[in-house]
Protein chains: 2
Amino acid sequence: MNRVTIFDVAREAGVAISTVSTALSGGPGVSDATRARVRGIAQSMGWVPSMRGRSLVSKRAWAVGLLIQRPATVLEADPFFSGFIAGVEAVLDEAGYALLLQFADSAQQVLERLPRWALGGVVDGVFLTDVEVEDARYELVRDLGLPAVAINTPVWHESLCPVSQDTLGGLRELMDHLIRLGHRRIGHVSGPPQFLHSGQRETVWREALAAAGLAEGPLVRGDFTSEGGVRAADLLLRGPEWPTAVVCANDLTAIGFISQAAELGISVPDDISVTGFDGIQLGSYITPSLTTVQTSPQVLGRRAAEVLLEMVAGRPVQPVEVEPAQLILRRSTAVPPRS
Amino acid sequence: MNRVTIFDVAREAGVAISTVSTALSGGPGVSDATRARVRGIAQSMGWVPSMRGRSLVSKRAWAVGLLIQRPATVLEADPFFSGFIAGVEAVLDEAGYALLLQFADSAQQVLERLPRWALGGVVDGVFLTDVEVEDARYELVRDLGLPAVAINTPVWHESLCPVSQDTLGGLRELMDHLIRLGHRRIGHVSGPPQFLHSGQRETVWREALAAAGLAEGPLVRGDFTSEGGVRAADLLLRGPEWPTAVVCANDLTAIGFISQAAELGISVPDDISVTGFDGIQLGSYITPSLTTVQTSPQVLGRRAAEVLLEMVAGRPVQPVEVEPAQLILRRSTAVPPRS
DNA sequence: CCTTCGATCCGAAACGTTTCCGTGGCAGGA
DNA sequence: TCCTGCCACGGAAACGTTTCGGATCGAAGG
């Protein structure tokens, strides 16, 4: 594959390969004249370092991995990953690092692939997303000595550093807002139960109701998709007693919910208020525009990549907390109907 | 990094490293008894092959690259890439290949990085998306001998194979549909001019108008974003003579257009029909649901990955044509207003 | 003039794997 | 009994780079 090697450059320049290596890598021990000459020859010969040879001896892969424990279609469905990857890439590119992307069908598959990545020297570090309630990956990366950055997790050890954003504060504000508007029956469409943040959001909803002395509204289990929002609307709005407001676990669910409400002849926000979570772009372009909590996946990606590169370089790191997610009030929420 | 090497396994098993290698790789020349014993020992010692050593000698990186010539935020904005990557990953995973993802700010940067990937042995092949009018990448991959799969391009040579989907047929049907509904002034919000498909879509619009004997409607240059759709609506709907239908270059633009139309008190589809292009999920959940042409980025990804792996393996390949994009009629189109 | 030292460069080992070729043993045939 | 041939395995080179210790040479200091 590789036409011109460091050996060819050395022969052409009449020096030893060690001299070429030193000259090109910028290390000391070679005269400026030689360095310039070698540089010129390497350039003119079109020499490109073989990452294969280089990483074999330098023990660095010059790549980090993102192993997503979901079906690959999540990229389309969940807007978090697109933004996160965008943020990650912005940092990696500058550092000359590449991002290795892979999807896993099951937790089992993740636990099989991480050692292959780590021990096989494929990547120098990994990002861990979608923290689960009982997450075996944390122990694994410690055992492997694999630098890892985890998103929104309280756990922290020598080879794992969290990068987090407080998203629940915004959700509490959202609940307060609904309650202040006068809503008394506030339902919830949750996310998949295996994810930590699904449970957290549900808890915030529950606690806010309790704190306001309100009875617990109806709860429907969703799956973070628009489809799930449609199904939830069918379940909640077919009966006699609707909630006057529904807090959805993410924007896609909320958009599906609003769509199906319209289908059933129920107006948002006149008949029912609906809120989302994530703050995707399209939320401001649908009708009615979506009240939501805006998270910052791109910022999380940037900071996560910065921290991971520090860890790979062997420098000490501290957990990072980015700006809290913000409540965005739009038109999908209003005072409850008179009736 | 790698604790236990093939050497350790050989010592433990009392055989030569070549025997271990042969036994584990499944090649002939090793007795079944020895093979089983070596396998067992390697397993129990937790041996994982070093991709560094392996790829150095086998001259394969076990990874392919996707070098996207756009800012990283495109992942959020353009739904094509999410679906495409999902499709690619589904195939790569089965083959044990990984996907290397990188974004480039400029065409220049792409032309610098491709040789580093190819000659550096970082990847075994690449996907080329966002075909441009004059695309220097085609010549480059040929010179590098780098297997490449390009999406929706007519070009084809020994190390470049196209995987395509006819999307323009659906767009022609869409134009016919609008004209049959009775529309006579049909505008267009285009995409960025540097992309080949932007121009192609514009041409289809223009030719359909001409074929129907209609005057060319107003044209606004968009940028594939919702923001662009908002701006286009401002431009087209502020004047005295609206078009009765507007064909947008993609769904996001259409959604932005519809949103801003509503803002201006103009109803879709009663006052004006609006169409999109791409067929994103959310198109069926907004109000009114979006008439669009549904493309298949995920299928393209699957087929592209299959073809690329064939090329990497050195087998001959043929250009692939997937099912044409389909016109999806929803509620954002209707007969033009009486006036 | 001899010693010492720093600067510069060379040679060789090492990284972990695959692959080619050689060697030994054993069985079968003459 | 000896030769032939095959099968199983061992030895060693090769991949392309980095790194480390040593060699050479000129200059500076005594």
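Only heavy atoms go into these numbers, but all of them, side chains included; no hydrogens, no water, no symmetry mates. Every chain is numbered from 1, with letters handed out A, B, ... down the list of sequences.
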Exercise. Can you check whether I17(B)'s main-chain N or O pairs, donor with acceptor, with S21(B)'s side chain at less than 3.5 Å?
Worked result: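 Answer holds: no.
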Nearest-Å distance for atom pair [atom1]/[atom2], residues [X] and [N]:
| X | N | atom1 | atom2 | value |
| --- | --- | --- | --- | --- |
| L119(A) | dG16(C) | CG | C1' | 13 Å |
| R3(B) | dT17(C) | CZ | C1' | 19 Å |
| L24(B) | dG16(C) | CG | C1' | 13 Å |
| I6(A) | dT17(D) | CD1 | C1' | 6 Å |
| F7(A) | dG11(C) | CZ | P | 10 Å |
| R52(A) | dA14(D) | CZ | C1' | 14 Å |
| I17(A) | dC15(D) | CD1 | C1' | 12 Å |
| R60(B) | dT19(C) | CZ | P | 11 Å |

Please indicate whether [X] has more than 12 foreign heavy atoms, meaning atoms of other residues, nucleotides or ligands, lying under 6.0 Å from its [atom1].
| X | atom1 | answer |
| --- | --- | --- |
| R70(A) | CZ | yes |
| E139(B) | CD | no |
| R116(A) | CZ | no |
| Q43(A) | CD | no |

Quick check on [N]: is either OP1 or OP2 less than 4.0 Å from any side-chain nitrogen or oxygen of [X]?
| X | N | value |
| --- | --- | --- |
| S58(A) | dT18(D) | no |
| K59(A) | dG16(C) | yes |
| W62(A) | dT17(D) | no |
| R54(A) | dG16(D) | no |

Exercise. Taking atom types as they are modelled, is there a donor-acceptor pair under 3.5 Å from the base of dG10(D) to the side chain of S18(B)?
Worked result: yes
For this session: Of all the heavy-atom pairs spanning N152(A) and V131(A), show the shortest one and how long it is.
Result: O-CG2, 3.9 Å
Problem set entry | Closest heavy-atom pair and its distance - Q102(B), Y97(A) | NE2-O, 3.4 Å
Where the side chain of [X] is defined as all heavy atoms beyond and including C-beta, which of [options] is the nearest nucleotide?
| X | options | result |
| --- | --- | --- |
| V57(A) | dT17(C), dG16(D), dG10(D) | dG16(D) |
| T22(A) | dG10(D), dT17(D), dT19(D) | dT19(D) |
| L56(A) | dT19(D), dT18(C), dG16(D) | dG16(D) |

For this session: Please test V20(B) against W47(B) for side chain to side chain contact (heavy atoms under 4.5 Å, CB included), starting from the C-alpha separation and ending with a verdict.
Result: CA-CA 11 Å; V20(B) 176; W47(B) 177 77; 6.0 Å; no
For this session: Consider only side-chain N and O atoms of E323(B) and S296(B), and report whether a donor and an acceptor are under 3.5 Å apart.
Result: no
Problem set entry | Proximity to DNA chain C (any heavy atom under 4.0 Å), residues of residues 31-39 of chain B only | none
Exercise. Could D130(A) and R137(A) be called an ion pair, given the rule that one side-chain N must be under 4.0 Å from one carboxylate O?
Worked result: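 No salt bridge links D130(A) with R137(A).
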Problem set entry | Rounded to 10 degrees, the angle between the two terminal axes of the helix from dC1(C)-dG30(D) to dA30(C)-dT1(D), each from five pairs |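 It works out to 60° between the end axes.
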Seminar exercise, completed: Residue pair G14(B)/G53(B) against DNA chain D: nearer the 5' end by closest nucleotide is G14(B)
